[in-house]
Each structure stands twice: as structure tokens, then as C-alpha cells.
*Asks:* 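First, the structure itself, so that you have it in front of you.
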Amino acid sequence: MRPPTIRDVAEHAGVSKSLVSLVLRGSDQVRPEKRQAVLRAVRELGYRPNAAARSLSEQRTRTVGVLLHDLRNPWYVDLLDGLNSLLHAGGLHMLLADARLNRRTGQDPTGPFQDLGVDGLVVVGTLPDPAALGAVAERIPVVLAGAREPVPPGVDVVAGDDEKGARLVTEHLIGLGHRRIAHIAGYGAVGDLRRRGFEATMREHGLADLAVVEPGDMTEEGGYRTTVRLLSRPDRPTAVFAVNDIACVGALSAAGELGLRVPRDLSVAGYDNTSISRLRHLWLTTVDNAGHEVGRRAARCLLDRLETAGGEGRLQLAVPTLEIRGTTGAVTD
């Protein structure tokens, strides 16, 4: 049995094909009774518009490519939820890809999206070569979300205020009486900003000589190894601020294996307020980086550029907040 066509819908509703098209496009130039007749015919016949044909007629696919730095990063969940909610309301659908897979083969991670003719591109997280987005941005709107790397002209950047977030958690630890505070640092612009916020806050409190920064790879294993090194020092820190929640989980494991109780013997804090941090047996103190809001703002930027192309790229920073839970407490020594 062949699928119903727009002609079948028109005959069933007793209207013209052009009026059915107006209803399906959401036009407000259709009388309510005619609109209801068409929508009733669509439901009764089980009609689904031909997306390919509609794309040809509108010269749009109504799809947005979303290129993730690493699909395994749990912080992206909230960001994608915020992004999708606004794109969906605007009649757009997301197509996801993991840039990590393309890096292994040396392929252009944006290539498949361009082949599919997406209307716009949202890059989530840090890419190895953000400048490569320049050629794409000349053809379609591009937004970078959740990262602070340099971007070509005309590309909007939406992220959390990482330096402010790092200041919040460092102030919290100092307020609890901690002086020997270590930071497990990350990489890229986001890692640099979080480190900068930590170091500036320690310096402003006269604690620069007691601040320790150890580089990490932003993984659980990296957080574990780095914390083992930190806790093996004769002047071991009484608090550790990790660049993200995943590294913070590794820090917790290291403390436990070395017989330290958190937070009585060691306070530990993370960043991003991922679902991991809210697990009851972890219950991490962490910085909420406003992932959902970052996603919504990124979608708004893209929708605006689809409506009005051109113009300089903009930087928008969402305001972070501190979530105080069970892994930080007053210093005891």
C-alpha cells in the first residue's frame, strides 16, 4: 500500500493542495476551520511530509550539525538538552557526531555535515584546529559552545565564565580555613582560565606560596595519579580543587586508598556539576557551569544567524554557581 500524498490529504479535507502546504508550513493565513480539517485529514491518513522534497523547495534541510569534542564527556548532556529544546521549538533537528572518531582517521570532522547540507553547525567543546572552521563559517552559521578557543570571524562563542567559577570554589576552600590548596589543572583555554582563577584568588589572599598546580589530563585516571603525587608531598595539601568532576572522582579514589577521610582529612572539589557529582555516594562539591543555559544561548545565536546572516562573532558567558555538598569541610590541622 502506497503512503498517502499531499493530494490525498487535500481530497480528504476538501481543500486545495496549496492550502494543505500552507497549513503544513504553519502559515497564519488559513482560516481555523480549514486548518482543523487539514490537520484532521493528516491524522486520519497518517500522512508524513516528504522531508527531502521540502528541503529542495525551501533550500533548507531544517537540520543542525552538532560536533562534540568527546561524546563521553558527561557535562555535554545538560548543554545538549538546552540546545535541543530551543532548536526543536524553532523547527530544527540535531545531527550528532563525535569529533574524536574523525581525529583517528585524519578526516575533516565537519565534512559529513557539509555533505548532508545542514543549515548550521554547533561545535561543542575544544577542537584541535578551531581555525579550520573558517571555511565552514563562510557558508553556514557556526557557533562554538562550551569552549573558549580562538575562532574565525563571524563565529559566536557561548561558554561558562570559567575564571569566575574557579574563583568561587577557591574562595569557598579558603573560607573553610584551607591554606595549602592544590589545583589539578586541565588543558586548552578552559583549563587555562580555571587555573588563572585559582591562582589569582590564592594570590589575592596572600597564599600564592602555598598554591600548588599539577597538570592533569582531565580523566579519572589522571586525577587519581596526580592526587597520589600531591598527597605524597611532605607538605601535602589539605584541599584539592580538580579541573572537572571526572578528575575529582579520581582524587577521591586516591584519598581513600591512602587512608584519608573526605572531608575530615582532605577536602575535594570539582567543576561542571555533572550527573556524576550528584551521585549520593560521591556528593561532590562542584561548580555548576550553567550547561543548560549555555546550550540555550548557543541555539539562540544560531537561530539569530539563520534569520540574519553576517556580522561579527559574539562572546556570551553564562554565570556559574557553586554547589556545596559533602566533599568539602573546615580544615582540621
Side-chain angles (χ1 to χ4, degrees), residues 18 21-30 35 49-69 76 78-97 99 108-127 129-161 189 289-319:
S18 60
S21 296
L22 287 173
V23 172
L24 295 178
R25 289 202 300 268
S27 172
D28 57 2
Q29 299 177 1
V30 181
R35 182 187 307 279
N50 186 317
R54 185 174 64 185
S55 296
L56 287 173
S57 64
E58 297 180 353
Q59 296 186 326
R60 287 183 59 182
T61 62
R62 295 190 175 275
T63 58
V64 172
V66 180
L67 184 61
L68 299 172
H69 166 65
Y76 295 156
D78 287 340
L79 191 154
L80 290 174
D81 185 52
L83 180 69
N84 188 47
S85 63
L86 209 57
L87 291 179
H88 181 75
L92 299 173
H93 302 283
M94 295 195 311
L95 300 177
L96 296 178
D108 176 7
T110 68
F113 290 135
Q114 296 183 72
D115 294 341
L116 291 169
V118 296
D119 297 329
L121 176 67
V122 178
V123 178
V124 179
T126 302
L127 291 184
D129 183 17
L133 297 174
V136 183
E138 292 177 357
R139 294 189 290 274
I140 59 174
V142 176
V143 178
L144 177 64
R148 296 283 296 278
E149 311 303 318
V151 293
V155 174
D156 294 318
V157 176
V158 184
D161 191 336
N289 211 20
H292 192 274
E293 179 63 17
V294 169
R296 285 187 61 84
R297 290 194 189 188
R300 183 72 270 161
C301 286
L302 191 72
L303 291 170
D304 289 346
R305 287 200 174 272
L306 288 171
E307 186 73 24
T308 306
E312 291 296 317
R314 297 163 293 176
L315 170 63
Q316 294 190 35
L317 298 181
V319 179

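All values below come from the heavy atoms of this structure, side chains included, with hydrogens, waters and symmetry mates left out.
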*Asks:* Do you know the tightest heavy-atom contact between V158 and C301?
*Replies:* CG2-SG, 3.9 Å
*Asks:* According to salt bridge (charged side-chain N to carboxylate O under 4.0 Å, His left out), does anything in residues 307-316 pair up with another residue at least two apart or in another chain? List the pairs.
*Replies:* D156-R314
*Asks:* Is the shortest heavy-atom distance from the side chain of V151 to the side chain of V123 under 4.5 Å?
*Replies:* no
*Asks:* Rounded to the nearest 0.5 Å, what separation is found between the CZ atom of R62 and the CG atom of L306?
*Replies:* 10.0 Å
*Asks:* Looking at every heavy atom in both M94 and N84, which two are closest together, and how far apart are they?
*Replies:* CE-CB, 3.6 Å
*Asks:* Do R148 and L315 have side-chain heavy atoms sitting under 4.5 Å apart?
*Replies:* yes
*Asks:* Minimum heavy-atom separation for A290 and A318, please, with both atom names.
*Replies:* CB-CB, 3.7 Å
*Asks:* Do the non-hydrogen side-chain atoms of V64 and V118 ever get within less than 4.5 Å of each other?
*Replies:* no
*Asks:* Sequence neighbours left out, what passes side chain to side chain contact (heavy atoms under 4.5 Å, CB included) with Q114? Give chain and number order.
*Replies:* D108, T110, V136, R139
*Asks:* Measure the shortest side-chain to side-chain distance between L303 and L92 over non-hydrogen atoms and say whether it is less than 4.5 angstrom.
*Replies:* yes
*Asks:* Report yes if some heavy atom in the side chain of V294 is under 4.5 Å from a heavy atom in the side chain of N289; otherwise report no.
*Replies:* no
*Asks:* Under the salt bridge (Lys or Arg N to Asp or Glu O under 4.0 Å) rule, collect the residues that match up with R296, sequence neighbours excluded.
*Replies:* none
*Asks:* Under 4.5 Å between any side-chain heavy atoms of T63 and L116, yes or no?
*Replies:* no
*Asks:* Between R305 and V155 (side chain of the first, backbone of the second, donor and acceptor by atom type, cut-off under 3.5 Å), is there such a pair?
*Replies:* no
*Asks:* What's the separation between atom CG in L80 and atom NE2 in H292, rounded to the nearest 0.5 Å?
*Replies:* 10.5 Å
*Asks:* At their closest point, which heavy atom of A299 faces which heavy atom of L86, and how far apart are they?
*Replies:* CB-CB, 3.6 Å
*Asks:* Minimum heavy-atom separation for F113 and L121, please, with both atom names.
*Replies:* CD1-CD1, 3.7 Å
*Asks:* Which heavy atom in G125 sits nearest to a heavy atom in L144, and how many Å separate them?
*Replies:* O-CD1, 3.4 Å
*Asks:* Report the residue from L79, V124, V122 that forms a side chain to side chain contact (heavy atoms under 4.5 Å, CB included) with L68.
*Replies:* V124
